[in-house]
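A quick write-up on the structure given underneath.
Quick note on labels: first sequence line is chain A, next is B, and so on, each numbered from 1.
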Number of protein chains: 2
Amino acid sequence: MAESVSTERFLQIGEAAERASLTQRTLRYYEEKGLLSPPTRMDGGFRLYSPEDMERIDRIRQLKELLGFSLAEIKEMMEAEDIRLQIKAGWRKDADADEKADKVRLGREATLQQLALIDQKMEKMASLRAELAERVRKYDELLLRFAELPESEAATSQS
Amino acid sequence: MAESVSTERFLQIGEAAERASLTQRTLRYYEEKGLLSPPTRMDGGFRLYSPEDMERIDRIRQLKELLGFSLAEIKEMMEAEDIRLQIKAGWRKDADADEKADKVRLGREATLQQLALIDQKMEKMASLRAELAERVRKYDELLLRFAELPESEAATSQS
DNA sequence: AACAACGTTAACGCGCACGTCAATGTTTGT
DNA sequence: ACAAACATTGACGTGCGCGTTAACGTTGTT
């Protein structure tokens, strides 16, 4: 009844996949590609995903779907996540304060990098958005002119 | 010296590709897939891209790189662009005012759809951004505590 | 002990979005 | 008239991100 890995909150691949809205194949694939560190296993060899694993999986999904990064790119970017999860998991007792501070600084830097990327992308999106909004304005303008001159030739427009 | 298609502002595939930061293969591929309507040709068969074609190509690039849509999705979305370019190119004289207004309405609707998609994506990005910013805040907090307690065990943090 | 439900690895397959020849034709400068 | 630069249409190749199938082992329930 009691497993070695404190069964609470650990999911095996079926539920993990479902909760993450991914397939089992995808989770195994991410592991193959080194995006996910090999999860703990049950005695029989079944994968057990920790809550931290689940967080990480979610982050991967966001980076991929939202920002459209390739798995290779994401692997690079996950440096920040790695450090954060290490910190959350509690410090190694063999590390002294200076070492810890260095890690935190690294995590901070990597996160700032990601923020910069996001800001860049949001800027471009905002400008695309503005362009489209302006376009709608022009459509509305045209429609108004149709409404005003019901039966005449409503100006063959240019710009 | 003078070509049939008023050579001004028309680019052949080499320059077109370079200006769009795409390859010639990609332009031909987009044409194959119906994302680009067959451009005009020189007498020898060389493709000539109009400024409108170039606009369209740029829009495709934006939708793909910025928003991460597949070419199939983009093809659907380009309905709006098609209508807009038809309008810019001047109305067909065989269409009456009602028909024109309908077209404009269609273009408007399609553009609004795209706006909605962008807004959706921007919202999600903003929330990811907030999450990362908060994370940086926590890093800074941690670093402050390291600075305050120079040599003691600086709290094995939890959340 | 049996059986369904769930998991494992390994291997092949597939659609997308092009890359990369190869063989050939066109345009342009001299 | 000829070469160098540029283009054309196939056709096959490629990397990514998984899907799918096969053969087999584990877990939980009855």
Spatial distance of atom CD (A:Glu131) from atom CD (B:Gln114) [nearest 0.5 Å] |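 Interatomic distance, A:Glu131 CD to B:Gln114 CD, rounded to 0.5 Å: 10.5 Å.
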
What distance do A:Ile13 atom CD1 and A:Leu22 atom CG have between them, rounded to the nearest 0.5 Å?
-> 10.5 Å

Between [N] ([atom2]) and [X] ([atom1]): distance, integer Å:
{"X": "A:Ile74", "N": "D:dC18", "atom1": "CD1", "atom2": "P", "value": "9 Å"}
{"X": "B:Glu73", "N": "C:dC16", "atom1": "CD", "atom2": "P", "value": "12 Å"}
{"X": "A:Leu22", "N": "D:dC18", "atom1": "CG", "atom2": "C1'", "value": "11 Å"}
{"X": "A:Leu27", "N": "C:dT8", "atom1": "CG", "atom2": "C1'", "value": "14 Å"}
{"X": "A:Ile13", "N": "C:dC6", "atom1": "CD1", "atom2": "P", "value": "14 Å"}
{"X": "B:Glu31", "N": "D:dA7", "atom1": "CD", "atom2": "P", "value": "14 Å"}
{"X": "B:Leu11", "N": "C:dT27", "atom1": "CG", "atom2": "P", "value": "17 Å"}
{"X": "B:Glu15", "N": "C:dT28", "atom1": "CD", "atom2": "C1'", "value": "15 Å"}

Does any N or O donor sit under 3.5 Å from an N or O acceptor when you compare the side chain of B:Arg28 with the base of D:dT8?
-> no

With distance as the sole criterion, do the side chain of A:Arg47 and the base of C:dT8 form a donor-acceptor contact below 3.5 Å?
->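 For A:Arg47, whose side chain was compared with the base of C:dT8, there is no donor-acceptor pair (under 3.5 Å).
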
Using only side-chain N and O atoms of [X], determine if any of them is under 4.0 Å from OP1 or OP2 of [N].
{"X": "B:Gln24", "N": "D:dA7", "result": "yes"}
{"X": "A:Tyr29", "N": "D:dC16", "result": "no"}
{"X": "B:Arg25", "N": "D:dT9", "result": "no"}
{"X": "A:Arg41", "N": "C:dT9", "result": "yes"}

Whichever of A:Phe46 and A:Thr23 has its nearest DNA chain D nucleotide further upstream toward 5' =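 The residue mapped nearer the 5' terminus is A:Thr23.
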
Report, one line per pair, each donor and acceptor closer than 3.5 Å where one atom sits in a side chain of residues 71-79 of chain A; sequence neighbours left out.
residue: A:Glu73; atom: OE1; partner: A:Ser70; partner atom: N; Å: 2.7
residue: A:Glu73; atom: OE1; partner: A:Ser70; partner atom: OG; Å: 3.4

Would you find more than 12 non-hydrogen atoms of other residues, nucleotides or ligands less than 6.0 Å from B:Glu32 atom CD?
-> yes

Between B:Lys64 and B:Gln12, just flag the one whose closest nucleotide in DNA chain C comes earlier from the 5' side.
-> B:Lys64

After noting the C-alpha distance and the side-chain angles of A:Tyr139 and B:Arg84, does the key distance pass the side-chain contact (heavy atoms from CB on, under 4.5 Å) rule?
-> CA-CA 9 Å; A:Tyr139 281 137; B:Arg84 198 180 68 88; 3.4 Å; yes

Out of C:dA11, C:dC18, D:dT8, which nucleotide sits closest to the side chain of B:Thr26?
->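 Nucleotide nearest to B:Thr26's side chain: C:dC18.
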
